[in-house]
Amino acid sequence: MTQHNRAIFQPSGQIQFGIFFQGVNSGTIWKAPESGSQTDFESFRRIVQTAERGKFAAFFLGEGLRLREHLGRPHALDVVGRPDAQTMLAALAAVTTNIGLVATQNTTYNDPADLAHRLSSLDLISGGRAAWNVVTTDNAWTGANFRRGGYLDHADRYKHAEAFVETAKRIWDSWETSAGPARRVLHEGRHYTVDVSPRLPRSAQYRPVLFQAGDSPEGRNFAARQADVIFSAHPKFDDAVEFRRDIVARSVDAGRGANAVQIMPASEFILAATDREAQEKKAWVRSLQIGPQQAIAYLEQFWGRELTEYDSDGPLPEIDPVVEETSETRGSGFHGAKARQLADQWRAEAKDKGLSIRQFVTSRTARVDATFTGSYTAVADHLAQFARVGAVDGFNISPWLIPTGLDDIVNHLVPELQERGVYPTEYRGTTLRENLGLETPVRSNEPVQV
Amino acid sequence: MSTFEEHTAGFLAIELDGAGYEDLARAVLAAESAGFHVATFADAPVPGRVNALQRAAYAGPVTRNIALVPEVDTVYTEPFHISTQLASLDYVSGGRAGWIATAAEAPEAAAAVGRSFVEGDALAQEAAASIEVGRRLWDSWEDDAVIRDVATGRYIDVDKLHYVDFETPADFAGPGYSVKGPSIIPRPLQGQLPVLAAASLVGDGQVPVDAVDAVLVSAPTPELLAAEVRHVRARLGASVAIVAELDVVLDSRGQAAASRSDTSQDDGRARFVGSAAGLTDYLDSLLKEADGVRLHPASLAVELDELARLVLPELRRRGSLRAPTQDGTFRGLLGLGRAENRYSTSAAAAAAAGK
């Protein structure tokens with residue numbers, strides 16, 4: 001075995017793909033005639049099997065804990081409504097063989113023992129293909145759907161999340177083989193105590209792979225200490241290189257190897273045979289993502305009032321936002337007291353650039369940085385660059401069409417990447433950990449500090 | 001007591017707790033091809049047994065006709081999550097999902113989630129609250145809430161989504177809570193999933209009779225089971241289906257059932273120990289009293305083999321067992337029509353008109 005210097009990052013020269021089936025937001029087009037059901041099992045089966053045909057490493061599902069709202073009512077314009085991640089993934093495990101199955105699950109409104117058991121169940125059912133995309137929430141607005149309500153302060157959410165993750169790891173690690181029995185796991189936390197005798201053995205990949213998506217310094221440190229893969233927001237080349245440098249430094253500081261944490265940015269691909277066709281396609285995609293009503297509704301979220309009398313092809317409203325102290329009833333993204341300041345900024349920016357409401361909103365909501373637009377060959381060349389320097393380990397693709405949104409990627413982009421030797425031609429193994437090339441996890445049995 | 005002339009053929013369920021994650025697909029397919037109408041999945045805290053709802057979900061795309069019904073605890077779980085998970089199970093099984101709502105009287109379950117231990121009468125209160133939350137959330141999207149109206153840019157009709165605004169009752173024994181809603185998933189394919197519970201949890205001052213679609217009835221011995229079924233039917237009325245619970249140990253592979261029967265563990269269920277022919281006669285008469293029988297085989301592989309080869313074919317021949325329905329729903333099996341949505345405008349109008 002070669003003795004690596006664990007403090008020095010070594011690029012793998014490869015990239016992998018994941019698919020993020022988002023379920024909600026304006027990114028997923030529902031207005032096109034070929035857009036299918038967002039809830040029927042058939043849509044999920046179709047897209048996960050396409051991804052597996054394209055040797056994708058992982059299939060991600062988001063989690064919903066409360067419907068997004070708009071002016072006090074459920075938001076009507078975008079795709080909404082999605083199945084429970086783990087239930088859907090357990091079903092998809094039956095119709096797939098190699099692809100990783102990643103459930104986004106919140107640490108705030110789940111219980112560690114219950115969530116660890118269910119993730120362990122998914123891991124065993126799928127033969128070692130489960131992963132957990134760790135997210136946190138701290139608002140009472142979401143808490144209104146749960147017994148504990150809004151019990152957690154914002155300042156506590158990463159401390160709580162880390163104790164939660166550590167507890168889950170100890171539960172997974174407590175039973176080495178199917179011979180058992182498990183060691184009891186005790187966690188005494190500030191918010192509650194967990195005392196559990198785990199009942200499931202380790203899976204073929206030891207324990208579920210951990211993905212984490214937070215980007216703040218606390219989030220990055222949390223990931224550097226706990227995660228296997230970061231679901232990052234840095235897909236542009238220079239930014240990705242810089243993010244890699246930062247994560248390598250943090251991983252080494254946390255006592256883990258420079259290669260311990262992989263990076264897969266969220267991304268969107270708009271591809272065609274030629275660059276020109278891809279640009280035309282992009283204009284079409286954007287026009288369906290942000291229609292006139294969505295553009296107005298977007299502003300309404302920040303203005304806090306109805307703006308239906310405004311023309312989406314005209315300038316931003318001169319009228320000022322309603323300033324509220326609380327932002328919770330409007331969901332995420334709104335900062336009450338700053339509304340007027342924000343409105344002034346936006347009006348100036350739109351005027352400067354000569355943008356209508358719709359153009360302005362499109363520029364703000366589109367995945368400007370995260371979109372790869374171009375011909376299959378041009379995009380393949382670009383991605384090969386990422387692979388060579390190890391800027392990322394892969395891309396987590398949000399298809400803008402369900403369930404056919406991966407077809408052109410799998411049929412045309414993947415073969416181009418395979419020809420360039422930067423994309424797997426076969427799955428390395430049957431577990432997600434093997435396919436990602438992750439290290440075997442170190443057993444976690446330290447007492448949890450909160 | 002129903003007479004032979006009135007009797008309509010019943011259904012059979014099988015508890016698949018003996019199937020682990022490695023042989024699950026084989027076991028559930030074997031149960032389906034044997035002609036069982038329902039597979040249930042216990043969530044007992046047994047070492048090596050994975051989550052019941054996920055086992056049922058995995059079985060969804062593998063099967064076509066058999067109803068998939070997991071146990072899900074109501075006391076130490078989040079009602080909002082349960083409702084979403086069960087609705088999702090209905091989607092992945094094409095409308096064949098159900099729910100055995102259990103109320104775990106288990107100090108270990110309480111300690112695992114850091115909540116105080118719930119026992120006695122409070123258990124049924126917890127179950128009733130969770131079932132009510134689940135049902136309201138399933139109704140919180142009207143069937144036609146997703147409209148995809150390109151002209152107006154609306155994906156959903158907001159008037160067809162409803163906040164459930166559930167509050168635990170004033171006399172709730174445990175810590176009270178509220179659930180806002182609406183659900184995060186559209187109404188399940190069946191509208192409402194059939195909910196089952198132990199008969200001992202259902203009735204006056206417990207889980208209301210109209211909250212459940214079927215009850216599971218146990219008696220200490222096979223001889224007492226039919227009488228208990230009659231007793232429960234008299235107590236709860238005709239609105240719920242009655243499913244009799246039966247452990248089975250059969251003569252098999254040259255071994256007498258009695259020698260395979262482990263009498264050291266008392267699970268509170270009647271136990272039939274004997275030959276396949278004897279069981280066939282017994283079930284034939286029991287299905288004249290109960291709407292269905294759930295069998296708990298001593299050893300899944302061994303008993304399932306005997307049941308598939310000898311018992312179910314003969315029961316079908318005698319007309320006491322229904323033929324499996326191709327692509328049917330679980331509600332259909334229980335003889336339940338389409339569930340009306342409590343929030344729908346037409347239902348509200350009907351209620352206002354005193355219908």
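Letters go in sequence order (proteins before strands), and every chain restarts at 1.
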Members of residues 178-192 of chain B whose heavy atoms come closer than 4.5 Å to chain A
S178(B), V179(B), K180(B), G181(B), P182(B), S183(B), I184(B), I185(B), P186(B)

Heavy-atom contacts under 4.5 Å, residues 90-97 of chain B to chain A
Y91(B), V92(B)

Chain B contact via R45(A) - which portion, at a heavy-atom distance below 4.5 Å:
neither

What part of Q38(A) lies closer than 4.5 angstrom to a heavy atom of chain B: side chain, backbone, both or neither?
both

Check V158(B), L161(B), I156(B) against V80(A) for a side-chain contact (heavy atoms from CB on, under 4.5 Å) and give me the one that passes.
I156(B)

Which one wins on heavy-atom pair count under 4.5 Å against chain B: A144(A), G149(A), S126(A)?
A144(A)

Taking every non-hydrogen pair under 4.5 Å, which of D111(A), D40(A), T87(A) racks up the most with chain B?
T87(A)

May I ask you to decide whether E132(B) forms a salt bridge with R136(B), counting only side-chain N to carboxylate O separations under 4.0 Å?
yes

Pairing of E126(B) and R147(A) as salt bridge, 4.0 angstrom limit:
yes

Taking the six-membered ring for Trp, are Y177(B) and F172(B) parallel (under 30°), tilted (30 to 60°) or perpendicular (over 60°)?
perpendicular

Can you classify the ring geometry of W284(A) versus W400(A) as parallel (below 30°), tilted (30 to 60°) or perpendicular (above 60°)?
perpendicular

Can you list the residues that meet the salt bridge (charged side-chain N to carboxylate O under 4.0 Å, His left out) rule with R358(A), with sequence neighbours excluded?
none

Enumerate the residue pairs fulfilling side chain to side chain donor-acceptor pair (under 3.5 Å) with a member in residues 24-33 of chain B, sequence neighbours excluded, ordered by first and then second residue.
none

Between chain A and each of L24(B), D149(B), V62(B), L137(B), count heavy-atom pairs under 4.5 Å; write down the option with the most.
D149(B)

I'd like to know which of V164(B), D157(B), T152(B), V146(B) tops the heavy-atom pair count under 4.5 Å against chain A.
T152(B)

